[in-house]
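This report refers to the structure that appears directly beneath it.
Just so it is clear: chains get the letters A, B, ... in the order the sequence lines come, proteins before strands, and each one is counted from 1.
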Amino acid sequence: MTFGKGCHLHLIDGSAFIFRAYHALPPLTRKSDGLPIGAVAGFCNMLWGQLTQNRGRTGPTHIAVVFDYSSKTFRDDIYDKYKANRPELPEDLRPQFPLTREATRAFNVACLEMEGYEADDIIATLARRATEAGGEVTIISSDKDLMQLVGNGVVMFDAMKNRTIDRDEVIEKFGVPPERVVDVQSLAGDSVDNVPGAPGIGIKTAALLINEYGDLETLLSRAEEIKQPKRRAALIENADLIRVSKRLVTLDAQAPVTESLDALEVRDPEAEPLMAFLSQMEFRTLTRRVAEALKIEPPVMADNSLTPDHAEKAADDPAPASTPVPFSHGDYECVRDRAALDRWIAAIREAGHVAVDTETTSLDEMRAALVGISLSVVPGQACYIPLGHRQGGDLFAGDALSDGQMPLDEALAALKPVLEDASILKIGQNMKYDWKIFARHGIRIAPFDDTMLMSYAMHAGLHNHGMDGLSERYLGHKPIEIKSLLGSGKSAITFDRVPVDDAVKYAAEDADVTLRLWQAFKPDLHRAAVTTVYETLERPLVPVLAEMEMAGIRVDPNVLSRMSNAFAQKMAGLEAEIHEIAGQPFNVGSPKQLGEILFDAMGVPGGEKGKTGAYSTGADVLEDIAANTDLGRPADLAARVLDWRQVSKLKSTYTDALQGHINPDTGRVHTSYSIAGANTGRLASTDPNLQNIPVRTEEGRRIREAFVAGPGMRLVSLDYSQIELRILAHVADIPALKQAFRDGIDIHAMTASQMFGVPLDEMTPEVRRRAKAINFGVIYGISGFGLARNLRIPRAEAQAFIDTYFERFPGIREYMDRTVAFAKDKGFVQTLFGRKIHTPEINAKGPTAGFARRAAINAPIQGAAADIIRRAMIRMPDAIRGLPATMLLQVHDELLFEVEDGAVEDLITAARKTMEGAAHPAVHLDVPLIADSGQGANWAEAH
DNA sequence: TGCGTCACG
DNA sequence: GACGTACGTGACGCAC
């Protein structure tokens, strides 16, 4: 086929693919010999995705992957410092480059590179030829240097974000259309590629200038007319450098590319060389996916996925567990009687492990009824035991159990010995859920593994750890979505109404997937060196949290209801006043309407619109307006809206919503903690969130009066004092801070004294407040801007404080630099206890880099604090055994207990000892950990 | 469903 | 005068 109209050329920026793959994935190695292949694996996955995703209307007729030949190009002759700033290639990436070429050829895709030219030039040349021939072009890349090519039949596609970049996107990014992009780039320069540009001119200013003068040459020739002296000088003095920059950034669309467009026609991969390559790389999942797509048998690969003691067993198994087995829903068994269940139990005992999953009527484990159980022992083989399915459709038969189900009690009685057998490993995905369901039926699952927590230990920061996502990512298989069975929204049904035949496919598949994930993760856990984290900080927390959640906390609905009424009255009063001041009624709860009232109707100056075009009406904005008495009425209005908002928040989120969360059976509120939700190792509390119950204002704190102890009981709270600052003092090794903590001195006052030279006994609250803000700022990866805003002081002043701080405590800056360098090098940071938090964006450019940098600085501190309280919680059941006390809640640095009246002091002694000693023996901190305590009839008193 | 807002550590 | 900026969460109401 001759390339022409109707043809569609896809040009893949191969180098960009490699770098993205390298940074997006953990450092994977080939299992047989340790060769680093993470980038190759990612590259192959992305390439395969491109080849399979877009077949059809928008799919390519022609395709090529384009690489950079070497770092030396004609641009080095134009400007000797071009790309001189580029960091060294990571050690483990270099050997992967030739492999990506090999991979491209193995997929039977044209692989282009040319000495003396960058990949971008080849892309520019081919794109030009293709559009001249009447065809269309999609460039698979998000590199801004390619954006000059967009338009006239050329678009770009960001494969990571799954987003097309067209003319509008380019204008959004550069402020000018594609044909003017080089002009802007020439002016702004590029620190990454070391394109000089004009000093002090960035993209924003460059776009402004180009839009005003039309193009770069006109601008340079009329530079004298520029009003701002600095800009004028920058352009006049650097005109030559700017012209050099233009030659650097302009892509060469006339590169002597020898391949014809016709040679790039899409070809089906040849099975044999492709399979050979993939199995040589030991990409098990991708090999299987490709084999499935090509409808051929996957090659048998070396078995690396089983633990040693199971490997032997598998060796004489005709179908070893790790050979990729296709997912086949028809092979799943529906277990309807005791004989069938006994066969499964025998298979489980034989294997020594089983993947388990439960199906229930609700996500709320405390109210959920068990509907069925699925099991899997060997990949591809799984069963579902329906236990609580009900007749659908018939209104009168609506509550009757469907036929052909074992009695629930009989099935559980048969499974209990297996689920509690110390020699049989139970494997689950989010086992806390199933653990609670079984616990409510008198079964305590042990021992177990949890694939969600394995993923969390290995991949925190890279992606979420839900089963469907993990399956797609690591097994290349998209499981049946629960939505397809239950529907969504108002018409959603519960699982007991799902026809058993459909339930079998869905539920058994979940057990199958869980088992396969376990097999994939088990060896990797060790390779990633997070086995200890998984075994000491994640897995043992499951039963502890399950017990806490099941215990719940008593909440008095009468207290809440009275407060709701009072809040409603107060809101109505405020609303009337607000409407009165505004001169018209409007929805006070609508930021949009409020903004229009304040800034348009009432004419308050300085309204700022956000990205949606609405005025910002956040608390800080309203506070400024309320404090500005010159404004008159708008100040009154803002002050009342602030009051209204506070009350409205308390009512809707707390006093109203909490009442609905009281379990009618227990009279208590049962939150759910997600172990793998927060990247840093913190827990997150949901349904309801009991980690954000108000405390900072007097009115809000009264909500805690509704959280009460049972009759004859007290609530006891213990919280770590300044735990994050103590960890900072330790990890950054700051002698003055460490000594202050040892001496039990007020740490913020000490900081203030050191910074401002004020003796401790002359400290004023204001000076101390500033030091406190800086101490916290450090933990968050401080910036002058952020501190200035927090303290409401000029930015220069805030920056001066920070400079002084770093002078007084130079170790802090060293810690920050060290941490960021570590993150850039390894792609993750680590806590004292070995927890890894990945930082995939740390090498990004633009504002993202700032976020990633600060997150990387904060994560080891926040994460270590999270590790410490996890360790305390895991030990707590043993530490308080025998005391009439229950651990109820965790709020990041606080543990809340319910304890019988007479045992309060014993509980405090035992819990304090456990919390203060929680780092031992894994880590010896140079600073003491201190836990303060309080007690009372309700949470407000105890805190 | 995304955004703005605000509750907590 | 480049950009936009404290870290980590979850729930609510509005507007689409």
Practice problem: Return yes if some donor-acceptor pair links the side-chain N/O of A:T671 with the main-chain N/O of A:T686 below 3.5 Å, else return no. | Solution: yes
Practice problem: Sequence neighbours left out, what pairs pass ring pair (Phe, Tyr, Trp, His ring centres under 6.0 Å) with at least one residue falling in residues 185-211 of chain A? | Solution: none
Quiz item: Which label fits C:dC3, syn or anti, where anti is any glycosidic angle not within 90° of 0?
Solution: syn
Quiz item: Between A:K204 and C:dA2, is there a side-chain N or O to OP1/OP2 distance below 4.0 Å?
Solution: no
Self-check item: Per-nucleotide protein contact string for nucleotides 4-9 of chain B (B base, S sugar-phosphate only, - none; heavy atom under 4.0 Å)
Solution: SSBBBB
Quiz item: Which residues pass the ring pair (Phe, Tyr, Trp, His ring centres under 6.0 Å) test with A:F599, sequence neighbours left out?
Solution: A:Y615
Quiz item: What residues, two or more places apart in sequence or in another chain, satisfy ring pair (Phe, Tyr, Trp, His ring centres under 6.0 Å) together with A:Y456?
Solution: A:H465
Quiz item: Would you say A:S590 reaches C:dA15's phosphate, i.e. side-chain N/O to OP1/OP2 under 4.0 Å?
Solution: yes
Practice problem: Using the test side-chain contact (heavy atoms from CB on, under 4.5 Å), find all partners of A:S561 that sit at least two apart in sequence or belong to another chain. | Solution: A:N565, A:Q659
Exercise. Tell me, please, which residues at least two apart from A:F801 pass ring pair (Phe, Tyr, Trp, His ring centres under 6.0 Å).
Key: A:F756
Practice problem: Whenever both distances are under 3.5 Å in a Watson-Crick or G-U wobble pair, mark it; put DNA chain C into dot-bracket that way, with [ ] for crossing pairs and | when the partner is on another strand. | Solution: ......|||||||||.
Quiz prompt | All side-chain contact (heavy atoms from CB on, under 4.5 Å) counterparts of A:N938, not counting sequence neighbours | solution = A:E705, A:V708, A:A940, A:E941
Quiz item: Contact class for A:G200 vs. all strands (heavy atom < 4.0 Å): base, sugar-phosphate, or nothing?
Solution: sugar-phosphate
Quiz item: Considering heavy-atom distances to DNA chain C, does A:G677 or A:A657 have its closest nucleotide positioned more toward the 5' end?
Solution: A:G677
Exercise. Report the residues that fulfil side-chain contact (heavy atoms from CB on, under 4.5 Å) with A:P196, sequence neighbours left out, ordered by chain and then residue number.
Key: A:Y79, A:L241, A:S245, A:L248
Practice problem: Not counting sequence neighbours, which residues clear ring pair (Phe, Tyr, Trp, His ring centres under 6.0 Å) with A:Y780? List them please. | Solution: none
Quiz item: Under the side-chain contact (heavy atoms from CB on, under 4.5 Å) test, which residues partner A:R696, sequence neighbours left out?
Solution: none
Practice problem: Identify, between A:K230 and A:T680, the residue whose nearest nucleotide on DNA chain C lies closer to the 5' end. | Solution: A:K230
Exercise. Return the residues of residues 784-805 of chain A meeting this criterion: a heavy atom under 4.0 Å from some atom of DNA chain B. Order them by number, or give none.
Key: none
